[in-house]
Asker: 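A single structure is presented below for examination.
The sequence lines fix the lettering, A, B, ..., with proteins before strands; numbering per chain opens at 1.
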Amino acid sequence: MQYNHIEIEKKWQKEWSQRQTFKADNNSDKPKYYVLDMFPYPSGAGLHVGHPLGYIASDIYARYKRHKGFNVLHPQGYDSFGLPAEQYAIQTGQHPAKTTEVNIATYRKQLDKIGFSFDWSREVRTSSPEYYKWTQWIFIQLFNSWYNKDTDKAEAIDSLIATFETAGNTEVNAVADEDIVGFSAQEWNQFSSTKQQEILLQYRLTFLSDTEVNWCPALGTVLANDEIVNGVSERGGHPVVRKKMTQWSMRISAYAQRLLDGLNTIDWPQPLKDSQTNWIGRSQGAMVSFDVDGYDAKIEVFTTRPDTIFGVSFMTLAPEHELVSQIVAEDKRAEVEAYIEATAKRSERDRMADVKTISGVFTGVYAIHPFSGEKVQIWIGDYVLASYGTGAVMAVPCGDQRDYDFAKHFGIEIPNIFENVDISEAAHADKEGTVIANSDFLSGLKYKKAVKLAIYELEKRGLGYGKINYRLRDAVFSRQRYWGEPFPVYYKDGMPQMIEAKHLPIELPEVEKYLPTEDGKPPLGNADVWAWDSENAKVVSNNLINNETIFPLELNTMPGWAGSSWYFNRYMDANNATEFASKEALDYWKEVDLYIGGSEHATGHLLYARFWQKFLFDRGILPVDEFAKKLINQGMILGTSAFVYRLEYEPSTKILDLERTIEGSIQVKPIFISKKLANLSVEELKEELDSNYEKIIRKGLSEFLTDEANSIDISEMYYTFRLTPIHADVSLVNTADELDVEAFKNWREEYKNAEFILEEGVYKVGREVEKMSKSKYNVVNPDQICEEYGADSLRLFEMFLGPLEQAKPWKTSGISGVHSFLKKLWKLYHNGETFEVSDADPTKEELKTLHKTIKKVEEDIENFSFNTSVSTFMIAVNELTSQKCNKRAILEPLAVLVSPYAPHIAEELWEKLGNTESIATAAFPVFEASHLVESSKEYPISFNGKRRFNMELSLDLSKEEIEKAVMSHEKTQAQLQGRTPKKVIIVPGKIINIVG
RNA sequence: GCUCGAGUGGCGGAAUUGGUAGACGCGCUGGAUUCAAAAUCCAGUUCUUUCGGGAGUGUGGGUUCGAUUCCCACCUCGAGUACCA
């Protein structure tokens, strides 16, 4: 009986689905284990072989854990709100919900073919109202919360209101807006309701504010910092400009420190932790306030080096700083205004790209040094960023390279405050081992002590205070898009009002057009039925808006990261219609034990999700404050692109003359040159083609060439050709890199008449490893692989490719290895055409093979070293084949070992072995060390650390006996050539090394 | 620039605490089987060699009886980040 992967896989995929084999139970005596994949965005292109890599790994682990007796939760779903569906809608008018549904169906079909053990009964879609109802609900919780620094957690806004009513806000220690004005309880109680709401908005964890945002005109929307790469949009690469807009924001900055601290409690990859640490950007220092000479103003700066305060020789303000328009000497005003105007024109991107050019302008005004009382110049310079710290710096040119460069450029004094340090060439930024000098009370101190003392003095004299600053900015939460979660918000007297949770979800309205409105409102501005009737608690027509009972609804939608910031909790109780998830389910599953996904989410999804988790934990909704204990980033599978080499040449004057005579342009056929010839240098190619170059060039000329044309000398063309590599679709190329020439001609209209210069009768393509992408025609579809080799082969091969976390190229030719392994495995259980296993006792050797395999595979899975266990299986099957083993006692446990990797074939063999329950329920074989005990060892005999030969010796021998046996060996004597060894190292059971 | 990570045959990669470098697979070479092909099986495949052996894990040094593994310097590639005061 042949191994028929198509039948077997179809059969078991159906069985698993019908029997609900992988449905997880929220009640179980078994210990729980939660394995999660980052859910996909269902794009129209479908899956390529790179996508399932992480899913295969997590599936192996999930199946392994089931064998190990765990109650495993292994769900899957779709992150189905997003820009591509919306852009498709703009182009075609097709409703994004429709497109999304079609794409999801395609994804599901593709995923099912690979045989994953997902519990589909828990599927979530971020774009379904049943799901985003709870995303909206979380938004309301955030709105109704504030961050209490005293308790260091988020609390209900009611507790803040209560405090305001009894004590005002002066004693409140909150993370809130910076420009909060103090008030007493009495004042609070006399404020109008609108005024109170305005104040509360400054404290809420999600709040409206006029913020400078990254506006992308091409996409018509605001982008978060992590959606911008190198100053242009991540999607599409469109330019991004700064713009002020009223937007919802999330006060993630409240959690900066806890997001940092939490990293120490979770097992995530170090590079990912590093990039989150970087992104949060904690820096410890001090706030210092400088008086401005002759003005009633203070300049506040943040510095990490208060120890260098006596090195301050000037100050620099960002051009956007609020004081720049006020503190300008009259004779400098024109110059300053010109400078500000010039910098405003430059986009953020230009400023970032052009770090070298130093520019700035002196305001003509001076600040007073807080300690020395000396006057220091106040400059404006665009190397100071408005968005970090206070948008102003105290410049210490001797200790900071940027200040140094600025001072040098403008001829500002550079006082040296370091002992025995030369600053004639560059600033001295080193902290450790440097002693401060010329600094009054700080002189003679080292960095750490000087910082402490400086802060102490600042605080004592009321000039400043110690402070920790974070780079992490509050996250803008509004998007001017259609295909996202609507906010559960309406506006009354210009103030946002939350819709009561019991009326959720607020579903996306229908719109005519998915574009922004003509007056620049977001797409929801096109909706006719988008007003909130607060009396009847429903969405009604805009015509009814009276601003008394019926109000306009929010027009923005939520960003992509909203739905993905909590979905892992929803899986725990995915079909709960009355709650976010039941308390029992949340307490049972708690957190994700293993999370697998790409590293590109390091500072987006993974940071926001941790933020929401901590918030929901604070508010008592979740039992833990980190959502994923362990995380693994799978590496990317790269494509192997195929290249054809097109010969292009400039028409010679002769040809041009000819064109004139026949009154038309001469059609030139595309000519492609096979790889070997294309790799030659131009000179070599000339030589190679010498005898028949004319024939080749002539081949490229169109058929309608006249006899006259055929007779012309085209030798000049010979010198002007060049080769252009062009991507060819990898499906047109076989595993031997040979191009299917006819298929290639039909691939593109323009290649219909192409000519090919072959090598050894075939056209060979060039290969190069690149990211898998449609535009590079190097995408390999998993469906085809499943069809041809089977899902089990695909799963094994993806694992066999290399370490999970590493990027590695895909080469379809390699799959034959794992496929023939499966055929060999199948054969072990068969005698010719019939299934046959023996109940006889296994031999020592057979048991040794089995237990060695159990040990290695178990270790490998625990270490996520899936590639090496595939080789272990191959070794085991090769050994059992040569042992001619068909013993049930060996083959039954072997099927279980293989089943996480190749579940279909394992399940089939398991059934043939007479089992009625799914192999998924079988216990993992137990390793017994006794089967691996050896009596002798093939010792490597090394001379000066280099192995020269091997020698079989009993493990019972003493060191002396071993040495005697080795020294008397003839090869030892040959190696030594009469010399006496200086030393003989014997590590019993390991190695023997002779030195001399 | 800064911070990580990685360099091993023609290719993907293995060597888990320093102990036989190149497991396993692809590819390639030769052979068997076949009318032929596919499939399958067998043998070989780091380089070099005077067939004794010798060299060899990016380069140079170091520690060690012994280094792909640890330390120092450098080179190359990849990823992230970028005027963060």
Asker: Suppose you measure atom P in B:C35 against the same atom in B:U16; what distance do you get, rounded to whole Å?
Answerer: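 Per the computed distance, 50 Å lies between those P atoms.
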Asker: Please report the distance, rounded to the nearest Å, between CD in A:E805 and C1' in B:C4.
Answerer: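 For the pair A:E805 CD and B:C4 C1', the rounded distance is 14 Å.
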Asker: Taking OP1 and OP2 of B:G13, is either one under 4.0 Å from a side-chain nitrogen or oxygen of A:K808?
Answerer: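 For A:K808, the contact criterion (side-chain N or O under 4.0 Å from OP1 or OP2 of B:G13) is not met.
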Asker: Any Lys/Arg nitrogen of A:E879 or A:K852 sitting under 4.0 Å from an Asp/Glu carboxylate oxygen of the other?
Answerer: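 Yes.
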Asker: When you check the side-chain N and O atoms of A:Q401 and A:D405, is any donor under 3.5 Å from an acceptor?
Answerer: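 A pair is found: one side chain offers a donor N or O, the other an acceptor, under 3.5 Å apart.
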Asker: Can you identify which nucleotide, out of B:G80, B:C4, B:G13, has its nearest atom closest to the A:P271 side chain?
Answerer: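 Nearest listed nucleotide: B:C4.
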Asker: Suppose you measure atom P in B:A79 against the same atom in B:C74; what distance do you get, rounded to whole Å?
Answerer: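 My reading of the P atoms in B:A79 and B:C74 gives 23 Å.
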Asker: Counting side-chain heavy atoms from C-beta on, which of B:U40, B:G19, B:A85 comes nearest to A:V384?
Answerer: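 Nearest nucleotide to the side chain: B:A85.
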Asker: State the pairing partner of B:C28; accept Watson-Crick or G-U wobble contacts with both distances under 3.5 Å, and report none otherwise.
Answerer: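 Base-paired to B:G44.
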Asker: Which of the following nucleotides, B:G12, B:C65, B:U20, is nearest to the side chain of A:I991?
Answerer: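 Of the options given, the side chain of A:I991 lies nearest B:U20.
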Asker: Can you tell me if the side-chain N/O atoms of A:Q806 get under 4.0 Å from OP1 or OP2 in B:G13?
Answerer: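 Indeed, a polar side-chain atom of A:Q806 lies that close.
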Asker: Would you say the side chain of A:V966 lies within less than 4.5 Å of the side chain of A:L953, judging by non-hydrogen atoms?
Answerer: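 Yes - at least one pair of side-chain heavy atoms lies under 4.5 Å apart.
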Asker: Could you give the CD-to-P distance, from A:E859 to B:U17, as a whole number of Å?
Answerer: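 Whole-Å distance recorded here is 12 Å.
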Asker: How close or far is atom P of B:U16 from atom CG of A:N867, stated in whole angstroms?
Answerer: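 In whole Å, B:U16 P and A:N867 CG are 13 Å from each other.
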Asker: Rounded off to whole Å, could you give me the CG-to-P distance for the A:L953 and B:G19 pair?
Answerer: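 For the pair A:L953 CG and B:G19 P, the rounded distance is 20 Å.
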Asker: Using a 4.0 Å heavy-atom cut-off across all strands, classify A:N278 as base, sugar-phosphate, or nothing.
Answerer: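 No contact.
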Asker: Counting any heavy atom closer than 4.0 Å, what does A:A807 reach on the DNA or RNA strands: base, sugar-phosphate only, or nothing?
Answerer: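 Since only primed, P, OP1 and OP2 atoms lie under 4.0 Å of A:A807, the category is sugar-phosphate.
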Asker: Heavy atoms from C-beta onward define the side chain here; which of B:U3, B:A85, B:A39 lies closest to that of A:R402?
Answerer: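 Closest of the options to the side chain of A:R402: B:A85.
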Asker: How many Å lie between CG on A:N633 and P on B:C4, as a whole number?
Answerer: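 Distance, rounded to whole Å: 18 Å.
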Asker: Run A:F797 and A:H819 through ring pair (Phe, Tyr, Trp, His ring centres under 6.0 Å) and show every step you take.
Answerer: CA-CA 8 Å; A:F797 186 53; A:H819 188 65; over 10 Å; no
Asker: Strictly by Watson-Crick or wobble contacts shorter than 3.5 Å, is anything paired with B:A6, and which nucleotide is it?
Answerer: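 Partner of B:A6: B:U76.
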Asker: Check if the side chain of A:K856 and the base of B:U16 share a donor-acceptor pair of N or O atoms closer than 3.5 Å.
Answerer: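 For A:K856, whose side chain was compared with the base of B:U16, there is a donor-acceptor pair (under 3.5 Å).
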Asker: Does B:U81 have a Watson-Crick or wobble partner in any strand here, with both distances under 3.5 angstrom, and which is it?
Answerer: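 B:G1 - that is the nucleotide pairing with B:U81, both distances being under 3.5 Å.
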Asker: Using the ring centroid of each side chain, check whether A:F310 and A:H369 are separated by less than 6.0 Å.
Answerer: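 Ring centroids of A:F310 and A:H369 are less than 6.0 Å from each other.
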Asker: Could you check which of B:C24, B:G66, B:C4 has an atom nearest any side-chain atom of A:I875?
Answerer: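 In terms of side-chain proximity for A:I875, the closest of B:C24, B:G66, B:C4 is B:C24.
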Asker: Within the 4.0 Å heavy-atom criterion, would you say A:S816 contacts the bases, only the backbone, or no part of the nucleic acid?
Answerer: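 It contacts sugar-phosphate atoms only.
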Asker: Quick one: is A:R471 getting a side-chain N or O under 4.0 Å of the B:A85 phosphate, OP1 or OP2?
Answerer: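 Checking B:A85 against A:R471, no side-chain N or O comes under 4.0 Å of OP1 or OP2.
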Asker: Let me see the working for A:F864 and A:Y61 under ring pair (Phe, Tyr, Trp, His ring centres under 6.0 Å), right down to the final yes or no.
Answerer: CA-CA 8 Å; A:F864 304 96; A:Y61 205 77; 4.8 Å; yes
Asker: Would you classify A:S865 as touching base, sugar-phosphate or nothing, given that sugar-phosphate means primed atoms plus P, OP1 and OP2, and contacts are heavy atoms under 4.0 Å?
Answerer: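 Answer is nothing: A:S865 stays at 4.0 Å or more from every strand.
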Asker: Watson-Crick or G-U wobble partner for B:U50, using a 3.5 Å limit on both distances?
Answerer: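 With both distances under 3.5 Å required, B:U50 matches none.
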Asker: Distance between the P atoms of B:U69 and B:U20, in whole angstroms?
Answerer: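 It comes out at 13 Å once rounded to the nearest Å.
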Asker: Heavy atoms from C-beta onward define the side chain here; which of B:G66, B:G25, B:U40 lies closest to that of A:F800?
Answerer: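 Looking only at heavy atoms from C-beta outward on A:F800, the closest nucleotide is B:G25.
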Asker: Counting any heavy atom closer than 4.0 Å, what does A:S942 reach on the DNA or RNA strands: base, sugar-phosphate only, or nothing?
Answerer: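 Here A:S942 touches no strand at all.
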Asker: Go ahead and name the base partner of B:C65; Watson-Crick or wobble counts if both distances stay under 3.5 Å, otherwise write none.
Answerer: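 In the structure as shown, B:C65 has B:G19 as its Watson-Crick or wobble partner.
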Asker: Should B:U34 form a Watson-Crick or G-U wobble pair with both distances under 3.5 Å, which nucleotide is its partner?
Answerer: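 Answer to the pairing question: none, since B:U34 forms no Watson-Crick or G-U pair.
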Asker: Classify the nucleic acid contact of A:N878 as base, sugar-phosphate or nothing, counting any heavy atom under 4.0 Å across all strands shown.
Answerer: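 Touches sugar-phosphate only.
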Asker: Run the ring-centre check on A:F406 versus A:F314 and record whether the distance is less than 6.0 Å.
Answerer: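 Judged by ring-centre distance (under 6.0 Å), A:F406 and A:F314 do meet the cut-off.
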Asker: Report yes if a side-chain nitrogen or oxygen of A:R767 is closer than 4.0 Å to either non-bridging phosphate oxygen (OP1 or OP2) of B:G12; otherwise report no.
Answerer: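 So the side chain of A:R767 is outside the cut-off, no N or O lying under 4.0 Å from OP1 or OP2 of B:G12.
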Asker: According to a strict under-4.0 Å criterion, is A:R282 in side-chain N/O contact with OP1 or OP2 of B:C84?
Answerer: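 Negative; the distance criterion is not met.
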Asker: Choosing from B:G19, B:U81, B:C24, which nucleotide comes nearest the side chain of A:T603?
Answerer: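 Selected nucleotide (nearest to the side chain): B:U81.
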Asker: Which nucleotide in the list B:G80, B:A82, B:A85 gets nearest to the side chain of A:S275?
Answerer: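 In terms of side-chain proximity for A:S275, the closest of B:G80, B:A82, B:A85 is B:G80.
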Asker: Looking only at atom C1', what distance separates B:U49 and B:G56, rounded to whole Å?
Answerer: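 To the nearest whole Å, 14 Å.
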Asker: Given the C1' atoms of B:G7 and B:U57, what is the spacing between them in whole Å?
Answerer: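 One C1' to the other, the span is 9 Å.
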Asker: Given B:A39, B:A23, B:C11, which nucleotide is nearest the side-chain atoms of A:S871?
Answerer: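 For A:S871, the side-chain atoms sit closest to B:A23.
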Asker: Below the 4.0 Å mark, does B:A85 have OP1 or OP2 next to a side-chain nitrogen or oxygen of A:S283?
Answerer: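 Answer yes for this pair, as a side-chain N or O of A:S283 is under 4.0 Å from OP1 or OP2.
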Asker: Expressed as a whole number of Å, how far does the C1' atom of B:U45 sit from that of B:C11?
Answerer: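 About 14 Å, rounded to a whole number of Å.
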Asker: Please tell me which of the listed nucleotides, B:A15, B:U40, B:C24, lies nearest to the side chain of A:T868?
Answerer: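 Selected nucleotide: B:A15.
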Asker: For A:K824 and B:A39, what is the distance between atoms NZ and P respectively, to the nearest whole Å?
Answerer: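 Going from NZ in A:K824 over to P in B:A39 covers 14 Å.
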Asker: Reckon A:N469 touches a base, only the sugar-phosphate, or nothing at all at heavy-atom distances under 4.0 Å?
Answerer: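 Nothing: the residue A:N469, judged by heavy atoms under 4.0 Å, touches no strand.
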Asker: Set out, in order, the CA-CA distance, both residues' side-chain angles and the distance that settles side chain to side chain contact (heavy atoms under 4.5 Å, CB included) for A:N469 and A:Y388, then state yes or no.
Answerer: CA-CA 9 Å; A:N469 222 28; A:Y388 185 77; 3.7 Å; yes
Asker: In this structure, how many angstroms lie between the P atom of B:G12 and the CE atom of A:M799, rounded?
Answerer: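 Spelled out: CE on A:M799 to P on B:G12 is 18 Å.
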Asker: Does B:G27 adopt a syn or an anti glycosidic conformation, taking syn as a chi angle within 90° of 0?
Answerer: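 B:G27: anti.
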Asker: Write down the distance between NZ (A:K827) and C1' (B:A39), rounded to a whole number of angstrom.
Answerer: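 So the NZ-C1' distance, A:K827 to B:A39, works out to 9 Å.
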Asker: How would you label the contact of A:D860 with the nucleic acid (heavy atoms, under 4.0 Å): base, sugar-phosphate, or nothing?
Answerer: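 Result for A:D860 = base.
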Asker: Angle class for the A:Y3/A:W826 ring planes (parallel below 30°, perpendicular above 60°, tilted otherwise)?
Answerer: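 A:Y3 vs A:W826 ring planes: tilted.
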Asker: Partner lookup for B:A14, please. Criteria are Watson-Crick or G-U wobble with both distances under 3.5 angstrom; report none if nothing qualifies.
Answerer: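 Checking every strand shown, B:A14 finds no partner, since no pair has both distances under 3.5 Å.
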Asker: What distance, rounded to whole Å, do you find between the two P atoms, one in B:A36 and one in B:A21?
Answerer: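 Between the two P atoms, the distance is 45 Å.
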